[in-house]
**Q** 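Structure incoming, see below.
Please read these numbers as outputs of a predicted model, since none were measured by experiment.
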Amino acid sequence: MMSAILRSKYRTALLLLLSIYQGLVEAVSPVSIKGTKLYDESGAQFFLKGTVYVGGDNRNDPLLDTAQCKIDAEHIKNVGGNAVYIYSIDVGKLGQHHGCMEEFDKNGIYVWLQLGQFPMVLSKTDTTPKWDLSLYTSWTSIIDSFSEFDNLLAFGIGQETVNGTSVTTLVAPSLKAAARDLKLFRDKRGYRPIPISYSAGDFEQYRLLTAQYLTCGPTESTVDLYGINIFNNCSDSKLDRLRSEFSNHHTPVVFSEDGCFPLEREFSEVQTFFGESEFSRIFSGMNIYQWGRNEDGFALVVYNDETDRNVGQPGAFLPAYTSLQQVWSETVPQSTSRDAYTYSSTQLPCPTSNPQVGWLVDGAVALPMISGLDINTVTARTRRARPTTSTSTTASPTQSGTNLGAEQPPANSGMSTGALAGIVIAIVVVLLGAAVVAFGFWRRRKSRQEWPEDHNGPYEKSGANSEHGSTAKTELPDQERAANELEGGFQHHQLATKTDWKYPYEAGSKPVSELPDGTGRPGHHFELEGSPVRGPDFNPRPELPVPIPRPLSMTK
């Protein structure tokens, strides 16, 4: 009886230590920025190997379904991924995302979270506020809810907001104002410097100008991480142009969406970006578009459900899944440790207004301010302890001790001195393990520098008669309306009507959808390139047309 009790005690202590060790090994460390590169806490360079994730029963918020996140996180890890790109979450259900965030964390997966779709400018006379108190309040509530997670990679403030029409560039100052106010809120709260990002569309005449504008000037009002969405068959010449455009950029650049889509997805562009030193020096990774099947054929897996909700276990892993797994496993990017990395802090100059190339914003224009926003009302916040998950027991957070579900000895067991000594040793080991975890968390918290208390940014303390509310209401515009008043009336790309999960630009051409056997079938696809307006210094290498097969002549 006594030996059984001792074995149970030692077994419990051993299991606890193993769970603590497993948590330390599997949990990711926060990613930070140095120069143009991303680094984890150990100083190792971080390369994004992610996938655009639309899963679970709620396409507007894939982080609500913990069970589905658990299933998908394991498969994403198996394919070699370390991140997911999320379009949106349900602001009305904040606090219900811990399960998914923890499942991704346990599998070494970071979450790049878009805060929402930024309102667009659709005409020169559009004076509707694009950055107001309503949007600020909504987005800062998301930052409050998610900043506690170490695997939160970045907060996105826009997705292709500047697109194929020059009038959309007029929203750029509002985007920069949003970056300024959200970074100031983040720092006043005392959170770690989670990067603020923007994701640009695949519009060649605007993507570099947008990057230059959003990252120039005082760092308090710039985006920290710049994403690019690339689609269609990515030729070598297209990849070379991207490398040339961003070779001297001064912030990290990643591909927030990679949808290069020939007849079969072999991910040669992934091998180029990760395998060639000139590309891995400039770019810090990419998200593959996308995880589950959609109506346009971009997918790595398909599910068994008949309603195409991407729930349950995947019914099939497409050839693209296997191809990507092989490319990611065989391609090792050239990296530089944080200590060995030196960089120049010289920024690229802000672009000036140039209607001839379609850029309508001067780099020195004053950024908009939110009426009624008092930065002095933002106070430092004590970070909540990261929730821990357990499959066996649940401990109340209000208890002074921790209930580990260990077997308790009988009251009159008459334990010997040796048994008591064994129990004491087990308890000491448990306490030492807990101390190691606590010390690790303390060091992690200590490394996150709080913003000075007196840093108020562009907002002065409001007076007694200040307006503390904005009458402006943020309305996502009807994305079917396009601004056709400029550039001589040529046809612009239109946004699709599907605004519940994705805002692609579609053309009327017929692309190819991938079938499980690797063959193709016609369908709708995205046409994200081509515009009559080209940016400065645009001089692409000519791409040879695909030769048309000719029938053999029957005559001599």
**Q** Side chains of Asn163 and Tyr206: donor-acceptor distance under 3.5 Å anywhere?
**A** no
**Q** With side chain to side chain contact (heavy atoms under 4.5 Å, CB included) as the criterion, how do Ile196 and Arg186 come out once you've worked through the C-alpha distance, each side chain's angles and the decisive distance to 0.1 Å?
**A** CA-CA 10 Å; Ile196 300 297; Arg186 175 200 68 190; 4.3 Å; yes
**Q** Main chain of Thr219, side chain of Thr222: is a donor-acceptor contact present, judged purely on distance under 3.5 Å?
**A** yes
**Q** Between Gly358 and Ser166, which heavy-atom pair has the shortest distance, and what is it?
**A** O-CB, 3.0 Å
**Q** Just to verify, what does Gln326 make a side chain to side chain donor-acceptor pair (under 3.5 Å) with, not counting sequence neighbours?
**A** Glu330
**Q** Rounded to the nearest 0.5 Å, how far does CD of Glu245 lie from CD1 of Ile228?
**A** 7.5 Å
**Q** Determine, stepwise, if the pair Phe47 / Ser335 fulfils side chain to side chain contact (heavy atoms under 4.5 Å, CB included).
**A** CA-CA 9 Å; Phe47 288 93; Ser335 62; 3.8 Å; yes
**Q** Answer with yes or no whether the side chains of Asn229 and Tyr289 bring together a donor and an acceptor at under 3.5 Å.
**A** no
**Q** Quick check: does any side chain N or O of Asn151 sit under 3.5 Å from a backbone N or O of Met101, one acting as donor and the other as acceptor?
**A** yes
**Q** Report, one line per pair, each donor and acceptor closer than 3.5 Å where one atom sits in a side chain of residues 267-275; sequence neighbours left out.
**A**
residue	atom	partner	partner atom	Å
Thr272	OG1	Ser268	O	3.1

**Q** Check whether Thr51 reaches the backbone of Ile288 with its side chain - one donor and one acceptor, N or O, closer than 3.5 Å.
**A** yes
**Q** How about Tyr213 and Trp359: do any of their side-chain heavy atoms sit closer than 4.5 Å?
**A** yes
**Q** Atom SG in Cys100, atom CD1 in Ile89: separation rounded to 0.5 Å?
**A** 12.0 Å
**Q** Between CD of Glu257 and CD of Gln290, what distance do you get to the nearest 0.5 Å?
**A** 8.5 Å
**Q** Start with the C-alpha distance between Ser42 and Asp40, add both sets of side-chain angles, then the distance that settles side-chain hydrogen bond (donor to acceptor under 3.5 Å, both in side chains), and finish with yes or no.
**A** CA-CA 6 Å; Ser42 72; Asp40 64 19; 2.6 Å; yes
**Q** Can you find a pair of side-chain heavy atoms, one from Phe155 and one from Trp112, that are under 4.5 Å apart?
**A** no
**Q** Within the side chain of Arg189, is there an N or O that forms a donor-acceptor pair under 3.5 Å with the backbone of Thr379?
**A** yes
**Q** Go through it in stages, so that I can follow the logic: the residues are Lys106 and Glu103, the test is salt bridge (Lys or Arg N to Asp or Glu O under 4.0 Å), and I'd like the CA-CA distance, side-chain angles, deciding distance and then a yes or no.
**A** CA-CA 5 Å; Lys106 288 190 297 184; Glu103 289 299 332; 3.3 Å; yes
**Q** Look only at the side chain of Ser147 and the backbone of Asp144, and say whether a donor-acceptor pair between them is shorter than 3.5 Å.
**A** no
**Q** Restricting to non-hydrogen atoms, name the atom on Gly35 and the atom on Pro252 that form the minimum distance, rounded to 0.1 Å.
**A** O-CD, 3.4 Å
**Q** Determine, step by step, whether Tyr226 and Phe283 satisfy the ring-ring contact (aromatic ring centres under 6.0 Å, His included) criterion, reporting the C-alpha distance in whole Å, the side-chain angles of both residues, the deciding distance to 0.1 Å, and the verdict.
**A** CA-CA 10 Å; Tyr226 192 72; Phe283 303 107; over 10 Å; no
**Q** Walk me through whether Trp291 and Val54 qualify under side chain to side chain contact (heavy atoms under 4.5 Å, CB included).
**A** CA-CA 7 Å; Trp291 177 248; Val54 181; over 6 Å; no
**Q** Using every non-hydrogen atom in the two residues, find where Lys130 and Met120 come nearest and quote the distance to one decimal.
**A** CE-O, 2.8 Å
**Q** Any side-chain donor-acceptor pair under 3.5 Å between Thr251 and His249?
**A** yes
**Q** Roughly how far apart are Leu153 CG and Phe146 CZ, rounded to 0.5 Å?
**A** 13.5 Å
**Q** In plain terms, say whether Lys183 and Glu220 are close enough for a salt bridge, that is, a side-chain N and a carboxylate O under 4.0 Å apart.
**A** no
**Q** Sequence neighbours left out, what passes side chain to side chain donor-acceptor pair (under 3.5 Å) with Asp362? Give chain and number order.
**A** none
**Q** So, taking the atom named CD in Glu266 and the one named SG in Cys260, what distance separates them when rounded to the nearest 0.5 Å?
**A** 13.0 Å
**Q** What distance do Leu360 atom CG and Thr169 atom OG1 have between them, rounded to the nearest 0.5 Å?
**A** 4.0 Å
**Q** Salt bridge or not for Asp181 and Lys176, using N-O below 4.0 Å?
**A** no
**Q** Whether Lys70 and Asp65 form a salt bridge (side-chain N of Lys/Arg under 4.0 Å from carboxylate O of Asp/Glu) is what I want to check.
**A** no
**Q** Would Glu148 and His98 satisfy side chain to side chain contact (heavy atoms under 4.5 Å, CB included), going step by step from the backbone distance to the final call?
**A** CA-CA 10 Å; Glu148 67 181 271; His98 288 77; 3.5 Å; yes
**Q** How far apart are the closest heavy atoms of Arg207 and Asp202, and which atoms are they?
**A** NH1-OD1, 2.8 Å
**Q** Would you find a donor on one side and an acceptor on the other, under 3.5 Å apart, between the side chain of Thr161 and the backbone of Gly158?
**A** no
**Q** Work out which heavy atom in Ser221 is nearest to a heavy atom in Ala179; give both atom names and the distance.
**A** O-CB, 4.3 Å
**Q** Taking NZ, NE, NH1 and NH2 as the nitrogens, is one of them in Glu278 or Arg281 under 4.0 Å from a carboxylate oxygen of the other?
**A** yes
**Q** Got Phe317 and Thr322 here, is their nearest side-chain heavy-atom distance under 4.5 Å?
**A** no
**Q** Indicate whether the side chain of Tyr85 and that of Gln159 have a donor and an acceptor atom separated by less than 3.5 Å.
**A** yes
**Q** Is Tyr39 close to Thr336 at the side-chain level, that is, under 4.5 Å between some pair of heavy atoms?
**A** yes
**Q** Are Lys37 and Tyr341 in a cation-pi setup, meaning NZ or CZ lies under 6.0 angstrom from the ring centre and within 45 degrees of the ring axis?
**A** yes
**Q** Taking the side chain as C-beta and beyond, is there a heavy-atom pair between His97 and Asp61 under 4.5 Å?
**A** yes
**Q** With no hydrogens and no angle check, is any side-chain donor or acceptor of Thr165 less than 3.5 Å from a backbone partner on Val167?
**A** no
**Q** When you compare the side chain of Leu48 with that of Phe255, does any pair of heavy atoms fall below 4.5 Å?
**A** no
**Q** Ring centres under 6.0 Å, that's the criterion: do Phe231 and Phe298 meet it?
**A** yes
**Q** Quick check against the 3.5 Å criterion: does Ser280 have a side-chain atom that pairs as donor or acceptor with the backbone of Ser277?
**A** yes
**Q** Can you name the nearest heavy-atom pair linking Phe279 to Leu239, along with the distance?
**A** CE2-O, 3.4 Å
**Q** Distance alone, cut at 3.5 Å: any donor-acceptor contact between the side chains of Arg381 and Tyr191?
**A** yes
**Q** Flag the pair Ile76 / Asn107 as yes when at least one side-chain heavy-atom distance between them is below 4.5 Å, and no otherwise.
**A** no
**Q** If only atom types and distance count, is the side chain of Ser29 paired as donor or acceptor with the main-chain N or O of Glu41 below 3.5 Å?
**A** yes
**Q** Side chains of Tyr198 and Thr215: donor-acceptor distance under 3.5 Å anywhere?
**A** no
**Q** Judged by modelled atom types alone, do Asp132 and Ser134 share a side-chain donor-acceptor pair under 3.5 Å?
**A** no
**Q** Can you confirm whether more than 12 heavy atoms, excluding those of Asn78, are under 6.0 Å from its CG atom?
**A** yes
**Q** Would you confirm whether Asn287, through its side chain, and Ser256, through its main-chain N or O, come within 3.5 Å as a donor-acceptor pair?
**A** yes
**Q** Side-chain contact, heavy-atom cut-off 4.5 Å: Leu94 with Ser141?
**A** yes
